[in-house]
Amino acid sequence: MAFYEVYSHPALIRYKSSVCTKATVFVVVVLCLTYISPLLVAYRSQGFWIKRSTFEEQPVVRFQYQTLLVAATSTRGDFVAWSTFPHFNNMLGANLRIPAISVREEDQNQDGKLDLLILQLQLPLKDEEQVYSFQLLLTFSYKLFRMSTVVMQSLAYVQHSSPVPGAKLFISGDLKLQQRAPLPHRGLYNIYNVSVIDGSSPFASAYDLDNIVRSYQARNLTTVLSVPMPVWTVGRAAGSPFQLNAEIRYPVEPATYRPGFWETIKFAWIQYVSVLLIFLWVFERIQRFVFQNQVVTTIPIPVRKPHQP
């Protein structure tokens, strides 16, 4: 008659020893190596404690309708300018030129957040005036909500110059977020929710482009207008204004932040456990070999099921 296996189960064997024996020392060493070694391996493999993390979010951006423009009208230092700040305009005298401006913001995907700013500007000039360079500052309200609530006033700087006088400048770019330090993971972050240009100041230094840009760039959190391909058109007809056509998009932005306690622990725990499983598998087989072959002296005691009368 042929026999075949119908059921199997492992037999449990207990290995006993007194406290002051090689077997006890071996077990203690194995336990330390099993649970401490994964911690050392995970820590030394770089990045055990996560210090920065990244998220993506489309910011809530609103144009603040605050502008300051300066246009060089000769190579000798002549210029015309205008701003939305009365104190600055009063200082300009004959150099003041009031442009015609059209502004429109669009929510192209209908998600409740604006995606695009379209700005058209016409700067009136005298017949003998030509535009060799053009500088424009635009201010924005910029908000993020996914982690900490970030509220700040930001800036876009439009600039182009050419040895050949121009009739029109076209730009199409993205308002990009720049960070020097990570954001907090929660709470309100509004230390930069102040006006980039002090429009209440009666002093000329408050409207100097060097001072404005220097102070703005000293911040840890800013925006910069990325315009890879500006288009400078020459050939302005007499009596025609200089034109600026700008398209500024508000794209989804990556932002870095400092993780909180539980996120840091979760990341460390995942790394530790992933290494620990390997050490558990290895040292379990080492212990089985050592005790089954009596490399260290122990007393093996098979565990039997109690007899039922």
Side-chain angles (χ1 to χ4, degrees), residues 61-86 88-89 91-108 114-142 153-176 195-197 199 207-210 212-213 216 222-251:
V61 183
R62 294 289 188 277
F63 180 50
Q64 295 293 88
Y65 295 92
Q66 294 180 342
T67 64
L68 189 154
L69 72 85
V70 178
T73 55
S74 74
T75 57
R76 301 182 302 274
D78 299 325
F79 72 95
V80 295
W82 173 82
S83 76
T84 55
F85 308 106
F88 178 69
N89 292 341
M91 301 175 193
L92 294 175
N95 293 324
L96 176 65
R97 296 288 190 279
I98 301 176
I101 300 179
S102 171
V103 176
R104 184 173 79 254
E105 289 181 290
E106 296 181 355
D107 178 10
Q108 295 180 318
L114 297 177
D115 303 298
L116 177 68
L117 169 70
I118 299 176
L119 184 146
Q120 296 176 332
L121 181 148
Q122 294 184 343
L123 180 65
L125 298 171
K126 297 178 181 179
D127 291 343
E128 65 274 14
E129 292 177 333
Q130 300 288 344
V131 175
Y132 290 87
S133 74
F134 187 84
Q135 300 176 88
L136 177 67
L137 297 180
L138 306 172
T139 63
F140 296 87
S141 170
Y142 197 98
Q153 304 295 313
S154 69
L155 188 69
Y157 178 50
V158 179
Q159 190 275 338
H160 190 78
S161 61
S162 173
V164 180
K168 183 171 66 174
L169 173 63
F170 171 76
I171 63 168
S172 180
D174 296 339
L175 190 67
K176 308 289 289 183
S195 180
V196 179
I197 304 173
Y207 307 99
D208 182 75
L209 293 181
D210 290 351
I212 294 172
V213 173
Y216 183 69
T222 59
T223 57
V224 60
L225 181 60
S226 174
V227 183
M229 293 180 290
V231 180
W232 182 259
T233 304
V234 300
R236 185 178 68 89
S240 299
F242 177 83
Q243 299 181 41
L244 168 70
N245 294 327
E247 296 178 357
I248 301 176
R249 290 176 292 275
Y250 312 144

Open item on the list: Check whether Thr223 reaches the backbone of Leu155 with its side chain - one donor and one acceptor, N or O, closer than 3.5 Å.
Closed with: yes
- [ ] Please examine the side chains of Ile212 and Val196, heavy atoms only from C-beta on, and report whether any two atoms are closer than 4.5 Å.
- [x] yes
TODO: Verify ring pair (Phe, Tyr, Trp, His ring centres under 6.0 Å) between Phe134 and Trp82, making sure each step is shown before the conclusion.
DONE: CA-CA 12 Å; Phe134 187 84; Trp82 173 82; over 10 Å; no
- [ ] Report the distance from atom CD of Glu128 to atom OG1 of Thr73, rounding to the nearest 0.5 Å.
- [x] 9.0 Å
TODO: Please examine the side chains of Leu175 and Leu117, heavy atoms only from C-beta on, and report whether any two atoms are closer than 4.5 Å.
DONE: no
Open item on the list: Please determine whether side-chain contact (heavy atoms from CB on, under 4.5 Å) holds for the pair Met229 and Ser172, giving the CA-CA distance in whole Å, both sets of side-chain angles, and the decisive distance to 0.1 Å.
Closed with: CA-CA 8 Å; Met229 293 180 290; Ser172 180; over 6 Å; no
TODO: Could you tell me which non-hydrogen atom of Leu225 sits nearest to which non-hydrogen atom of Ala156, and how far apart they are?
DONE: CB-CB, 4.1 Å
- [ ] Over all heavy atoms of both residues, which pair between Pro165 and Val234 is shortest? Give the atoms and the distance, please.
- [x] O-CG1, 3.4 Å
Open item on the list: Rounded at 0.5 Å granularity, tell me how far CD in Gln64 sits from CG in Leu138.
Closed with: 11.5 Å
Task: Arg236/Val131 under side-chain contact (heavy atoms from CB on, under 4.5 Å): CA gap, chis, key distance, verdict - done: CA-CA 9 Å; Arg236 185 178 68 89; Val131 175; 5.7 Å; no
Open item on the list: Has Asn245 got a side-chain atom pairing as donor or acceptor with Gln120's backbone, closer than 3.5 angstrom?
Closed with: no
Open item on the list: Taking Thr67's backbone N and O only, do any of them form a donor-acceptor pair with Thr84's side chain (distance below 3.5 Å, no angle check)?
Closed with: yes
TODO: Return the orientation label for the Phe140 and Tyr250 ring planes: parallel under 30°, perpendicular over 60°, tilted otherwise.
DONE: perpendicular
Open item on the list: Can a donor-acceptor pair be found, under 3.5 Å and without considering hydrogens, that links the side chain of Asp115 to the backbone of Gln108?
Closed with: yes
Open item on the list: Could you check whether any side-chain heavy atom of Leu244 comes within less than 4.5 Å of a side-chain heavy atom of Leu69, counting everything from C-beta outward?
Closed with: no
Open item on the list: For a 4.5 angstrom cut-off between non-hydrogen side-chain atoms, does Leu169 reach Pro230?
Closed with: yes
- [ ] Give, for atom CD1 of Ile248 and atom CG of Leu114, the distance between the pair rounded to the nearest 0.5 Å.
- [x] 13.0 Å
Open item on the list: For the CZ atom of Arg104 and the CZ atom of Phe63, what is their distance to the nearest 0.5 Å?
Closed with: 14.0 Å
- [ ] Check Ala167 against Gly235 and note the closest heavy-atom contact, atom names and distance.
- [x] CB-C, 3.8 Å
Open item on the list: Quick one, Gln153 and Gln66 - any side-chain contact, counting heavy atoms below 4.5 Å?
Closed with: no
Task: Close side-chain approach of Leu209 and Leu137, heavy atoms under 4.5 Å - done: yes
Open item on the list: A side-chain contact here means heavy atoms from C-beta on lying under 4.5 Å apart; do Tyr207 and Asn89 qualify?
Closed with: no
Task: Check: Lys176 main-chain N/O paired with Asp174 side-chain donor or acceptor under 3.5 Å - done: no
TODO: Nearest 0.5 Å please: distance from the OG1 atom of Thr139 over to the OH atom of Tyr65.
DONE: 11.0 Å
Open item on the list: Can you give me the closest heavy-atom contact between Phe242 and Gly166, atom names plus distance?
Closed with: CD1-O, 3.5 Å
- [ ] For the residue pair Thr222 and Tyr142, confirm or rule out a side-chain donor-acceptor distance under 3.5 Å.
- [x] no
TODO: Write down the atom of Arg76, the atom of Asp78, and the distance for their closest heavy-atom approach.
DONE: NH2-OD2, 3.3 Å
Open item on the list: Measuring from atom OH of Tyr216 to atom OG of Ser154, what distance do you get when rounded to the nearest 0.5 angstrom?
Closed with: 4.5 Å
Task: Minimum side-chain heavy-atom gap Tyr157-Gln135 below 4.5 Å - done: yes
